Amino acid sequence: MKTKHLLSHKYTTLLKSLLFLITSLYLVIACSSDNKNEDESEDVIYLNIPDVEFEKKLINLGIDSDNEINHRMLKVDAGEVSSIDLSSFNANKISDLTGIEGFINLKRLYAGGNNLTAIDLKSNTQLDTLVLSSNNIKSIDIGNNTELIKLNLSVNNLSSITGLSKAIKLKWLSLSTNVLEELSVQNATLTTLFIRDNHITTLDTQGAVNLTTILAQINRISKLDLSTNILLETVALSDNKIKSINLEKNTDIHTLHFSSNLLTEFDVSNLQKLIFLTIDRNPNLFCIKIGHEQNIPNLTKADYQELNTNCN
């Protein structure tokens, strides 16, 4: 009987231990599940804002409604914003705009003068104005930003821009002061193009049939076809490597800057609206052909250059 009692006691002890283990495992799993559900719930409610300076600006602008630096903000707050100015031309610069993807109704974003090196705007499909000048961005994809009208990416380190052709409403584009080596701009709606101070050797604007202004000084362009850009009024191509160019079809041009190139001949006789011309510092250009009785009131040329109706 004693032996039977001992066995019963051991069995009871083992059963209790087993029940304790099962209960403990259940609690661990339950807690883990609760934590997971809580994390998933937070992902649905909150945006991750890792950059403190970004969150400070959101608080100062009254957008982050909890008014705390806690690396998050309510998605519902972001969804109500259509325009935001995050420009920083002082010490409090933003380095990371993670969280901007939650601003799904954003139409105007100004974030110039920061320390951004990259930005993801795939979710910001309503943007019509984007200003990211004076940052350190090396590449950007705007393929999802089809509503863009104005795009300013000047003074960055851009070597490539993806999706430019998808911006079918784009009218104003600045890519000045970057490190672009080639550029194709085929946006039919574009009227203004600023691309000065790059490393561009190849520029194609044939599809940009509504262009009125091109500023492309300080590049490495050697040839350029402007025959389809018949609405051009202002063309600045000084400090390039252009040897010849045909402007016969560009009869609306009134301002033309072609200093510091490699021109050997230059014909402006068909440009009767021309009032500003700079053509100096083309060492092999001695004669500029003009039309009969054509007057160019604002002219900058070298002493060895002459205007003549016959440059043969």
Side-chain angles (χ1 to χ4, degrees), residues 81-87 100 103-113 116 119-135 137 139-156 158 160-178 180 182-198 200 202-219 221 224-237 247 249-257 273 276:
V81 180
S82 62
S83 179
I84 188 170
D85 190 346
L86 303 170
S87 304
I100 200 68
F103 290 70
I104 56 175
N105 294 310
L106 195 62
K107 291 186 176 182
R108 294 172 294 280
L109 172 59
Y110 305 91
L116 300 174
I119 187 169
D120 185 349
L121 297 170
K122 291 185 180 67
S123 298
N124 308 103
T125 58
Q126 302 303 311
L127 279 173
D128 61 44
T129 301
L130 177 60
V131 178
L132 295 171
S133 53
S134 300
N135 278 281
I137 299 170
S139 64
I140 191 169
D141 184 351
I142 59 167
N144 281 17
N145 309 114
T146 57
E147 299 294 314
L148 279 173
I149 296 172
K150 178 178 180 179
L151 176 59
N152 188 346
L153 296 169
S154 61
V155 195
N156 275 280
L158 273 180
S160 67
I161 176 169
T162 304
L164 186 59
S165 62
K166 301 291 182 64
I168 57 175
K169 299 180 180 180
L170 192 64
K171 291 185 177 181
W172 193 97
L173 174 63
S174 179
L175 300 171
S176 294
T177 315
N178 279 287
L180 294 164
E182 58 182 25
L183 183 65
S184 177
V185 184
Q186 305 303 323
N187 308 65
T189 53
L190 194 67
T191 62
T192 304
L193 177 62
F194 297 152
I195 51 171
R196 62 169 294 154
D197 197 5
N198 274 276
I200 296 172
T202 303
L203 174 62
D204 182 359
T205 62
Q206 292 189 58
V209 294
N210 283 298
L211 268 182
T212 59
T213 301
I214 295 179
L215 303 186
Q217 310 97 307
I218 316 175
N219 277 288
I221 301 167
L224 183 60
D225 184 353
L226 298 176
S227 60
T228 62
N229 310 117
I230 60 175
L231 301 181
L232 279 171
E233 298 174 354
T234 300
V235 179
L237 286 162
L247 300 174
K249 296 182 178 180
N250 308 106
T251 56
D252 283 342
I253 290 178
H254 57 68
T255 301
L256 193 56
H257 299 292
K273 298 179 182 180
F276 290 93

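Small disclaimer: the values here were computed from a predicted structure and weren't measured. All heavy atoms count here, side chains included; hydrogens, waters and symmetry mates do not.
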Show your reasoning for whether side-chain contact (heavy atoms from CB on, under 4.5 Å) applies to Thr162 and Ile140.
CA-CA 6 Å; Thr162 304; Ile140 191 169; over 6 Å; no
Considering residues at least two apart in sequence or located in another chain, which fulfil the salt bridge (charged side-chain N to carboxylate O under 4.0 Å, His left out) criterion with Lys122?
Asp120
Is the closest side-chain heavy-atom distance between [X] and [Y] below 4.5 Å?
X      : Y      : result
Leu226 : Leu247 : yes
Thr129 : Leu148 : no
Arg108 : Asp128 : yes
Lys107 : Ser83  : no
Tyr110 : Ile84  : no
Ile253 : Thr234 : no

One pair to check against side-chain contact (heavy atoms from CB on, under 4.5 Å): His257 and Thr255. What are the steps and the verdict?
CA-CA 7 Å; His257 299 292; Thr255 301; 3.4 Å; yes
Polar side-chain atom of [X] near backbone of [Y] as donor-acceptor pair, under 3.5 Å:
X      : Y      : answer
Asn105 : Val81  : no
Thr191 : Lys171 : yes
Asn229 : Ala208 : yes
Asn210 : Ala188 : yes
Asp204 : Leu183 : no
Asn152 : Val131 : no
Asn187 : Leu170 : no
Asn145 : Glu147 : no
Thr228 : Gln206 : yes
Asp252 : Lys273 : no

At their closest point, which heavy atom of [X] faces which heavy atom of [Y], and how far apart are they?
X      : Y      : result
Ala216 : Leu237 : CB-CD2, 3.7 Å
Asn156 : Ile137 : OD1-N, 3.0 Å
Ile200 : Asn219 : N-OD1, 3.1 Å
Leu190 : Trp172 : CD1-N, 3.7 Å
Ser154 : Asn178 : CA-ND2, 4.0 Å
Asn135 : Ser133 : ND2-O, 3.3 Å

Between atom [atom1] of [X] and atom [atom2] of [Y], what is the distance when rounded to the nearest 0.5 Å?
X      : Y      : atom1 : atom2 : result
Gln217 : Ile195 : CD    : CD1   : 9.5 Å
Leu232 : Ile230 : CG    : CD1   : 9.5 Å
Ile149 : Thr189 : CD1   : OG1   : 9.0 Å
Leu193 : Ser174 : CG    : OG    : 8.5 Å
Arg196 : Ile214 : CZ    : CD1   : 14.5 Å

Check Ile142, Leu180, Leu132, Leu173 against Leu153 for a side chain to side chain contact (heavy atoms under 4.5 Å, CB included) and give me the one that passes.
Leu132
Stepwise, does the side-chain contact (heavy atoms from CB on, under 4.5 Å) test hold for Leu130 with Lys150?
CA-CA 6 Å; Leu130 177 60; Lys150 178 178 180 179; over 6 Å; no
Going through the distances and angles, do Gln186 and Ser184 end up as a side-chain hydrogen bond (donor to acceptor under 3.5 Å, both in side chains)?
CA-CA 6 Å; Gln186 305 303 323; Ser184 177; 2.9 Å; yes
With side-chain contact (heavy atoms from CB on, under 4.5 Å) as the criterion, how do Ile104 and Asn124 come out once you've worked through the C-alpha distance, each side chain's angles and the decisive distance to 0.1 Å?
CA-CA 5 Å; Ile104 56 175; Asn124 308 103; 5.9 Å; no
